[in-house]
Amino acid sequence: MVRAEHVISWMKALRQVFRANKEYLTQLDAAIGDADHGINLDRGFNAVWDELEKTRPGEISSILKAAAMTLIKTVGGASGPLYGTFFLRASSACADKTELGAAALVAIWAAGLEGVRQRGKAALNDKTMVDALTPAVTAMQQALENGGDLGAILAQGAAAAEAGMQNTIPLQARKGRASYLGPRSIGHQDPGATSSYLLIQTAANVWGKERSA
Ligand code: ADP
Ligand code: MG
């Protein structure tokens with residue numbers, strides 16, 4: 001089961017992961033965007049952690065909501081509102097729940113993805129974060145149906161997100177700043193798909209141990 005303390009651990013780990021990957025994500029964005037994706041997420045998840053330390057929300061949904069509002073407030077560019085929407089929808093999907101079992105966990109990722117799709121209007125293969133999140137959610141739903149535990153579900157979601165991230169390389173961008181480059185966006189890995197992979201990979205690392213669901 002994933003409880004509030006585990007969601008807090010995820011947020012803390014995300015701050016570290018986006019700090020460690022700040023240069024990498026920024027370099028990916030330098031190739032097909034404006035070289036700020038790593039800077040944006042490092043700033044955003046630092047601010048999320050500061051907010052959590054200050055307000056100490058005790059419920060899963062209020063932690064996710066605090067993350068959402070902070071990302072929307074502090075991250076400029078496309079990814080702030082998109083990840084903000086992801087966490088806001090995830091928060092709504094687990095309102096009043098004190099712990100998340102496998103099904104509830106998959107449901108919050110599916111809700112988050114749906115929010116990103118509605119907000120950004122990107123389809124699969126538009127070379128965006130949707131290309132990592134969509135296969136991740138599909139793989140998690142499949143793993144759930146197959147009776148997998150939390151660890152297996154998250155590991156399969158992370159593996160599918162990684163493959164989806166790599167699949168963005170040959171694609172031409174059709175949404176966001178990279179789409180301005182037209183065919184010149186081909187041959188580069190999408191920064192947002194990469195950060196989405198890190199989001200779920202980190203959840204798999206932090207929550208994968210909570211296998212009792
Ligand atoms: P900006 O492009 O405004 O500088 P970031 O660099 O932080 O913002 O984020 C860029 C990432 O946002 C892209 O790599 C892409 O994955 C994602 N993105 C951009 N537009 C959309 C969209 N409409 N839907 C989903 N994701 C998008
Ligand atoms: Mg950018």
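Whatever order the structure lists them in is the order used to number ligands and atoms, beginning at 1.
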Could you tell me, atom by atom, which parts of ligand 1 come under 4.0 Å of a heavy atom of [X]?
| X | value |
| --- | --- |
| Asp29 | 6 (O) |
| Asp36 | 4 (O), 5 (P), 6 (O) |
| Gly192 | 13 (C), 14 (O), 16 (O) |
| Asn40 | 5 (P), 7 (O) |
| Leu82 | 18 (N), 21 (C), 22 (C), 24 (N), 25 (C), 26 (N), 27 (C) |
| Lys175 | 23 (N) |

Keeping [X] on the side-chain end and [Y] on the backbone end, is there a donor-acceptor pair under 3.5 Å?
| X | Y | result |
| --- | --- | --- |
| Asn146 | Gly148 | no |
| Asn46 | Asp42 | yes |
| Trp10 | Val206 | no |

Can you measure from [atom1] ([X]) to [atom2] ([Y]) and round to the nearest 0.5 angstrom?
| X | Y | atom1 | atom2 | value |
| --- | --- | --- | --- | --- |
| His6 | Glu99 | NE2 | CD | 10.0 Å |
| Asn167 | Asp131 | CG | CG | 8.0 Å |
| Ile32 | Lys127 | CD1 | NZ | 5.0 Å |

In this structure, are over 12 heavy atoms from other groups packed under 6.0 Å from Asp96 atom CG?
no
Which residue holds the protein heavy atom closest to [atom], what is that atom called, and what is the gap in Å?
| atom | result |
| --- | --- |
| atom 10 (C) of ligand 1 | His37 ND1, 4.0 Å |
| atom 8 (O) of ligand 1 | Ala78 N, 3.2 Å |
| atom 13 (C) of ligand 1 | Asp190 OD1, 3.5 Å |
| atom 17 (C) of ligand 1 | Met129 CE, 3.8 Å |
| atom 7 (O) of ligand 1 | Ser79 OG, 2.6 Å |
| atom 2 (O) of ligand 1 | Arg177 NE, 3.5 Å |

Using heavy atoms and a 4.0 Å limit, tell me yes or no: is Pro191 in contact with ligand 1?
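Pro191 counts as a contact of ligand 1 under the 4.0 Å cut-off.
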Look at ligand 1 and say whether Lys121 reaches it with a heavy atom at a distance under 4.0 Å.
no
State, with a plain yes or no, whether a side-chain heavy atom of Leu105 is found less than 4.5 Å away from one of Leu154.
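Leu105 vs Leu154: side chains touch.
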Is there a side-chain contact between Ile8 and Lys12 (heavy atoms, below 4.5 Å)?
no
Under-4.0 Å heavy-atom contact with ligand 1, by part of Thr128 that carries it
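Contact part for Thr128 vs ligand 1: both backbone and side chain.
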Modelled atom types, side-chain donor and acceptor of Tyr83 and Ser195, under 3.5 Å
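Yes, a side-chain donor-acceptor pair sits under 3.5 Å.
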Say whether Glu114 and Gln118, considering side chains only, have a donor N or O and an acceptor N or O under 3.5 Å apart.
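Result is yes, a qualifying pair exists.
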Mind running side-chain hydrogen bond (donor to acceptor under 3.5 Å, both in side chains) on Arg174 and Asn125 for me, showing each step along the way?
CA-CA 8 Å; Arg174 287 192 294 241; Asn125 297 329; over 6 Å; no
Hey, any chance Leu171 and Val130 share a hydrophobic cluster, counting ILVMFWY side chains that come within less than 4.5 Å of each other, even indirectly?
no
Looking only at distances, please establish whether an N/O atom of ligand 1 is found under 3.5 Å from an N/O atom of [X].
| X | result |
| --- | --- |
| Val116 | no |
| Gly120 | yes |
| Asp34 | yes |
| Ala122 | no |

Describe, in one word, how the ring planes of Phe87 and Phe45 are oriented to each other, choosing from parallel (under 30°), tilted (30 to 60°) and perpendicular (over 60°).
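If you compare the ring of Phe87 with that of Phe45, the planes turn out perpendicular.
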Can you check which of Gly77, Ala30, Gly176 brings a heavy atom nearest to atom 20 (N) of ligand 1?
Gly176
Check the pair Asp190 / Met165 against side chain to side chain contact (heavy atoms under 4.5 Å, CB included), numbers first and verdict last.
CA-CA 7 Å; Asp190 180 60; Met165 166 191 94; over 6 Å; no
With side chain to side chain contact (heavy atoms under 4.5 Å, CB included) as the test, would you mind laying out the steps for Thr128 and Leu82 before giving the verdict?
CA-CA 11 Å; Thr128 71; Leu82 287 164; over 6 Å; no
Atoms named by residue and atom, protein N, O or S, within reach of the Mg ion (ligand 2) (under 2.8 Å):
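The answer, once waters are left aside, is Asp29 OD2, Asp34 OD1, Asp36 OD1.
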